[in-house]
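All figures in this text were calculated on a predicted structure; none of them were measured in a lab.
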Amino acid sequence: MMRLNLQIRRAQERDYDRIADLTYYGANVHRHLDWSSPLEWLGSSNYWVREEWGRLTAALACPEEPPRIAWIRFFGHSREVSDSQAWHSLWEEARRAIGESKSGLQFAAIALQGWFQALLSSSGFETRQSIVMLELKPESANLKESPPGVHIRPMRVSDLPAVAQVDLEAFGGFWHNTEAALRKALPQCASATVAEKDFEVIGYQISAQNQGGAHLARLAVKPGFQGQGVASALVSGLVLSFGAGISRLSVNTQSDNAASLALYKKLGFSLTGERFPVFVYPKANE
């Protein structure tokens, strides 16, 4: 039966406070792991809300960032509606609206909770790969020196275009940290360094600090310089810079990224057992 009091529409700035309430007090909330809060994506065209009798009961944000990839950055709903009702009403509108305006765009999500995994599967999303977590105790780290001619230094704002290019070459379009994303991350991070050779940025790391520990949010090296000890030097410099200020260093990587897994294990990281599926819609052809 049609619900005449129900409206699915694009989010507006006036929804800020009500979306904030969903973010903190919603019955179920999915947030993407990035440097931006759900509220900071307001203004994006790919942001929808579900409104009933003037009450905002659910919201979905999936901005196109990086290009051609609409990561689900936020989905949350109130206790007045079930997760299935909230999700399917918003998802169908998002799929229709984006599908009509842009072909070839892919939706993606890292599903941290079982309830969200179930919703994605019910809507035709398929698993692309998984994210696995690793952890290092600093006192057990197998530290490495920089290769000859490679200099590790703090990242500057002027480095960001080069850093974004390193990231694209290392990870490809699906996982790309764009210059805009890096510009957002830099002021918030606890550590950000670049590896430089002959005045060219060939690698970087960016990390966050949390209570008692730190998280290596991104590590990338240009393909032509991989396997030469650059990544090991970046991580070693990070561990030394934190010193006794942390009890553990965590990192995540793709379950099928054999090179990254081998690197982290060589440095002393070990798998924690945590594993989170990456869903895509439609299924990637690669």
Side-chain angles (χ1 to χ4, degrees), residues 1-3 5-11 15 18-19 22-23 25-34 36-39 41-42 44-52 55-132 172-176 252 254-256 274-286:
M1 182 174 66
M2 183 178 295
R3 302 177 64 170
N5 58 311
L6 172 64
Q7 181 184 17
I8 306 297
R9 60 171 175 80
R10 294 191 185 274
D15 297 317
R18 295 189 293 174
I19 292 176
L22 283 180
T23 302
Y25 307 115
N28 282 316
V29 175
H30 162 78
R31 291 182 61 169
H32 187 64
L33 301 174
D34 65 4
S36 299
S37 77
L39 296 168
W41 293 106
L42 270 175
S44 162
S45 60
N46 300 343
Y47 208 140
W48 287 269
V49 296
R50 175 186 171 113
E51 193 172 35
E52 300 179 67
R55 295 176 62 84
L56 197 151
T57 58
L60 169 66
C62 45
E64 185 183 345
E65 169 66 23
R68 316 302 296 175
I69 306 294
W71 283 97
I72 298 177
R73 307 280 174 171
F74 173 65
F75 168 65
H77 68 89
S78 70
R79 290 172 174 77
E80 300 167 82
V81 62
S82 72
D83 55 8
S84 181
Q85 290 174 320
W87 165 257
H88 287 292
S89 59
L90 290 168
W91 163 244
E92 290 304 320
E93 178 63 21
R95 185 178 65 168
R96 181 196 63 77
I98 295 178
E100 289 178 356
S101 63
K102 179 170 289 189
S103 62
L105 185 143
Q106 188 175 47
F107 294 88
I110 301 175
L112 305 179
Q113 303 117 325
W115 65 268
F116 193 49
Q117 295 174 21
L119 291 178
L120 294 170
S121 295
S122 71
S123 296
F125 281 74
E126 297 190 32
T127 305
R128 170 189 169 114
Q129 58 197 157
S130 292
I131 297 296
V132 293
F174 186 81
W175 292 107
H176 180 38
N252 56 52
Q254 300 95 328
S255 57
D256 54 358
E274 296 172 278
R275 193 179 187 95
F276 306 106
V278 179
F279 285 86
V280 293
Y281 180 95
K283 184 178 179 180
N285 294 322
E286 52 193 41

Roughly how far, to the nearest 0.5 Å, is OG1 of T57 from CG of L6? 7.0 Å
Set of side chain to side chain contact (heavy atoms under 4.5 Å, CB included) partners for R18, sequence neighbours left out: R9, R14, D15, E51, L56
How long is the straight-line distance from CD1 of I131 back to CD of Q254, given to the nearest 0.5 Å? 5.0 Å
Residue set satisfying side chain to side chain donor-acceptor pair (under 3.5 Å) with S122, at least two apart, ordered chain then number -> H88
Show the nearest heavy-atom pair for residues Y281 and G124, with the distance to one decimal. CD1-O, 3.5 Å
Got a sec, which pairs hit salt bridge (Lys or Arg N to Asp or Glu O under 4.0 Å) with one end in residues 56-69, sequence neighbours left out? E64-K102
Has Q106 got a side-chain atom pairing as donor or acceptor with P282's backbone, closer than 3.5 angstrom? yes
Using atom types as modelled and distance alone, determine if a side-chain donor or acceptor of R50 lies under 3.5 Å from a backbone N or O of W87. no
Measuring only between side-chain heavy atoms, which start at C-beta, is I72 closer than 4.5 Å to F279? no
Minimal heavy-atom distance between P63 and R73, with the atoms involved, is CD-CG, 3.4 Å
Under 3.5 Å, which donor-acceptor pairs link side chains of residues 108-120 to any protein atom two or more places apart or in another chain?
{"from": "Q113", "atom 1": "NE2", "to": "V29", "atom 2": "O", "distance (Å)": "3.0"}
{"from": "Q117", "atom 1": "NE2", "to": "A111", "atom 2": "O", "distance (Å)": "3.4"}

Under the side chain to side chain donor-acceptor pair (under 3.5 Å) test, which residues partner E92, sequence neighbours left out? R95
Closest heavy-atom contact between W48 and A97? CZ2-CB, 3.7 Å
My understanding is that only residues two or more places apart in sequence, or in another chain, count here; which of them pass salt bridge (Lys or Arg N to Asp or Glu O under 4.0 Å) with E80? R55
Sequence neighbours excluded, which residues qualify as side chain to side chain donor-acceptor pair (under 3.5 Å) partners of H30? none
Apply ring-ring contact (aromatic ring centres under 6.0 Å, His included) to H32 and list each qualifying residue two or more places apart in sequence or on a separate chain. W71
Under 4.5 Å between any side-chain heavy atoms of C62 and I98, yes or no? yes
Spatial distance of atom CG (N252) from atom CZ (F276) [nearest 0.5 Å]: 8.5 Å
One should read off an interatomic distance between R128 CZ and S255 OG, to the nearest 0.5 angstrom, of 10.5 Å
Can you name the salt bridge (Lys or Arg N to Asp or Glu O under 4.0 Å) partners of D83, sequence neighbours left out? none
Atom OG of S84 and atom CG of N28: how far apart are they, to the nearest 0.5 Å? 11.5 Å
Could you check if a side-chain atom of F174 sits within less than 4.5 angstrom of a side-chain atom of V278, using non-hydrogen atoms only? yes
What pairs with F107 under ring-ring contact (aromatic ring centres under 6.0 Å, His included), at least two apart in sequence or on another chain? W91
Applying side chain to side chain donor-acceptor pair (under 3.5 Å), can you list everything that pairs with S44, at least two apart in sequence or on another chain? none
For S37, what residues pass the side chain to side chain contact (heavy atoms under 4.5 Å, CB included) criterion, not counting sequence neighbours? R31, L39, E40
Let me confirm one number: the CD-OG distance from E52 to S78, rounded to the nearest 0.5 Å. 7.5 Å
Minimum heavy-atom separation for A59 and L22, please, with both atom names. N-CD1, 3.8 Å
